[in-house]
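Encoded as structure tokens, the structure appears first; notes follow it.
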Amino acid sequence: MSAPRDRVDPYEALLVLSFGGPEREEDVMPFLENVTRGRGVPPERLHEVAEHYFDFGGRSPINAQNRALVASLEHQLAESGLSIPVYWGNRNWHPFLTDELTRMRDDGIRRAAVFVTSAYDSYSGCRQYREDLARSVAEVGPSAPRLDRLRLCFDHPGFITANADGVVGALGDLPSDLADSARLVFVTHSIPTAMSDTSGPTGGAYVAQHLAVAEAVASRVAERTGVEHEHDLVYCSRSGPPEVPWLEPDVNDHLAALAEQGVRAVILAPIGFLSDHMEVAYDLDTEALATAKDLGIEAARAATAGTHPDFVAGVVDLLTERAAVERGEPVERASALPIGPSADVCPAGCCPNLREPLPALCGEDAPPHPSA
């Protein structure tokens with residue numbers, strides 16, 4: 001049997017790559033400008049979203065969530081005898097990815113695995129992160145670490161279990177006479193339909209993966225509770241120009257439709273998000289729960305995967321799985337869905353940038369490392 005350290009060879013570190021978020025009021029607008037640069041988002045929409053952050057003192061929950069995830073990963077790695085460091089960099093705010101790669105270089109890291117805190121195929125959830133990796137590696141230069149992105153986690157049993165546990169816990173928050181009849185409303189981030197249609201290697205992966213996760217979580221909940229709940233997939237956080245079609249229905253519109261159907265209780269289950277960041281804290285915990293209350297619907301929000309032990313162990317499993325692949329060893333991939341797992345290396349043209357094709361790492365069409 002391999003020694004524990006051998007199980008992560010050839011990797012010398014794990015990099016958690018996330019979206020980022022402001023932590024002070026004065027950071028909110030610069031952060032939002034970073035996020036939306038080149039996307040044609042109207043200024044009035046930026047100011048509207050900024051108010052969501054100001055309601056929380058200008059502080060997004062996502063950075064605290066990522067610090068907690070890094071700490072949990074470090075603990076899980078240590079418990080498994082895998083003593084490699086965990087780094088954390090963001091696309092849109094401090095700590096910025098380029099700065100973290102520079103730190104890794106200065107620490108002597110030559111090759112690292114990357115866990116992206118986005119579970120599903122889409123340009124914004126996959127390729128855009130890979131574009132940022134390519135840009136940052138080019139900026140750091142020939143001595144930048146070589147990076148391999150871990151496969152998407154949407155189908156990993158740890159992710160499914162974490163979300164199912166969240167739903168079961170939320171059912172316990174409803175009045176006991178309504179819990180068994182509650183509708184499970186699975187929520188994810190809306191994206192432009194054109195982005196959705198081209199997601200994944202052959203298109204349509206974003207919606208298909210979410211539908212599969214919703215079905216698996218609902219099935220796991222039924223096994224746990226002995227009650228089958230009807231469920232739906234809906235969307236939140238639309239932010240593009242009004243003339244551009246995005247995925248629907250919006251969660252608030254869907255709640256109104258359920259009220260008309262006589263539904264009296266719902267669980268809002270944010271399967272599209274790995275942690276409780278602003279789309280969850282505002283769009284669900286503030287806006288959607290208020291909508292449900294106004295409609296006379298009892299509602300509870302399920303926990304995200306966050307630092308659930310099964311999810312954290314799943315990330316470490318993805319690390320050791322990819323390390324074995326890179327060593328040329330046979331691998332049995334853990335997957336809870338019939339449509340998983342996704343590829344280690346994205347096929348050429350996967351999740352294309354429909355505005356401006358840019359170099360992206362960790363794909364078949366990736367540019368060579370600057371040292372080549």
Side-chain angles (χ1 to χ4, degrees), residues 61-62 65 117-120 125 153-175 178-191 206-237 247-259 261 263-293 295 297-308 310-311 314 336-337:
I62 191 172
Q65 292 279 333
T117 60
S118 179
Y120 302 90
C153 67
F154 71 92
D155 68 308
H156 195 281
F159 182 64
I160 302 299
T161 297
N163 279 283
D165 283 357
V167 172
V168 172
L171 286 168
D173 294 332
L174 293 176
L178 294 178
D180 285 354
S181 62
R183 187 80 155 246
L184 307 185
V185 179
F186 294 105
V187 190
T188 190
H189 206 301
S190 185
I191 60 174
Y206 186 76
V207 173
Q209 290 167 358
H210 279 87
L211 288 172
V213 170
E215 181 66 33
V217 172
S219 177
R220 190 73 62 85
V221 170
E223 292 172 3
R224 291 270 303 277
T225 64
V227 178
E228 292 189 4
H229 294 265
E230 292 186 81
H231 67 273
D232 314 287
L233 176 65
V234 303
Y235 304 92
C236 69
S237 308
L247 293 176
E248 296 178 336
D250 174 77
V251 58
N252 297 286
D253 295 338
H254 187 67
L255 289 172
L258 292 179
Q261 297 170 26
V263 172
R264 299 176 59 202
V266 300
I267 297 297
L268 299 172
I271 58 169
F273 305 92
L274 297 191
S275 65
D276 296 2
H277 43 93
M278 189 55 68
E279 287 84 349
V280 176
Y282 183 84
D283 293 22
L284 298 188
D285 291 352
T286 302
E287 194 171 52
L289 287 180
T291 296
K293 183 177 181 180
L295 293 167
I297 296 176
E298 292 284 347
R301 200 265 290 174
T304 51
T307 56
H308 187 289
D310 286 51
F311 174 63
L337 303 179

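Only heavy atoms go into these numbers, but all of them, side chains included; no hydrogens, no water, no symmetry mates.
Residues F159 and L337 fail the side-chain proximity criterion, which asks for heavy atoms closer than 4.5 Å. Considering only heavy atoms from C-beta on, C153 comes within 4.5 Å of L274 through its side chain. The side-chain heavy atoms of H229 and L171, taken from C-beta on, include a pair separated by under 4.5 Å. Side-chain contact between T117 and S275: absent, with no pair of heavy atoms (C-beta onward) separated by less than 4.5 Å.
In terms of heavy-atom proximity, Q65 sits nearest to G306 at OE1-CA, 4.4 Å. Across every non-hydrogen atom of P270 and L284, the tightest pair is CB-CD1, 3.7 Å. Summarising the geometry of A288 relative to L255, their closest heavy-atom pair is O-CD1, 3.5 Å, with the distance given to 0.1 Å. Contact between G125 and S118 at its shortest, heavy atoms only, is O-OG, 3.0 Å. L289 approaches A300 most closely through the heavy-atom pair CD2-N, 4.5 Å. Summarising the geometry of I271 relative to Y120, their closest heavy-atom pair is O-OH, 2.9 Å, with the distance given to 0.1 Å.
Residue E287 qualifies as enclosed at atom CD: its count of foreign heavy atoms under 6.0 Å is above 12.
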Subject >> Stepwise side-chain contact (heavy atoms from CB on, under 4.5 Å) test for I267 and L174 >> reply: CA-CA 9 Å; I267 297 297; L174 293 176; 3.6 Å; yes

**OP:** In sequence, state the C-alpha distance, the side-chain angles, and the governing distance for D232 and H254, and then conclude on side-chain contact (heavy atoms from CB on, under 4.5 Å).
**Re:** CA-CA 9 Å; D232 314 287; H254 187 67; 3.1 Å; yes

Subject >> Candidate pair F273 and I62, rule side-chain contact (heavy atoms from CB on, under 4.5 Å), full reasoning >> reply: CA-CA 11 Å; F273 305 92; I62 191 172; over 6 Å; no

**OP:** Could you check T304 against F311 for side-chain contact (heavy atoms from CB on, under 4.5 Å), going step by step and ending with a plain yes or no?
**Re:** CA-CA 10 Å; T304 51; F311 174 63; over 6 Å; no

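Using modelled atom types and a 3.5 Å distance limit, the side chains of Y206 and T188 yield a donor-acceptor pair.
Proximity of a side-chain donor or acceptor of S190 to a complementary backbone N or O of S237 within less than 3.5 Å is not detected.
With sequence neighbours excluded, the residues that form a ring-ring contact (aromatic ring centres under 6.0 Å, His included) with F186 are H231.
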Pairs under 3.5 angstrom only: tabulate donor-acceptor contacts from the side chains of residues 216-224 to other protein residues two or more places apart or in another chain.
| from | atom 1 | to | atom 2 | distance (Å) |
| --- | --- | --- | --- | --- |
| R220 | NH1 | T161 | OG1 | 2.9 |
| R224 | NH1 | D165 | OD1 | 2.5 |

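Between V185 and the options L258, I297, L233, V263, a side chain to side chain contact (heavy atoms under 4.5 Å, CB included) holds for only L258.
To the nearest 0.5 Å, the span separating OG1 on T225 from CG on D180 amounts to 7.0 Å.
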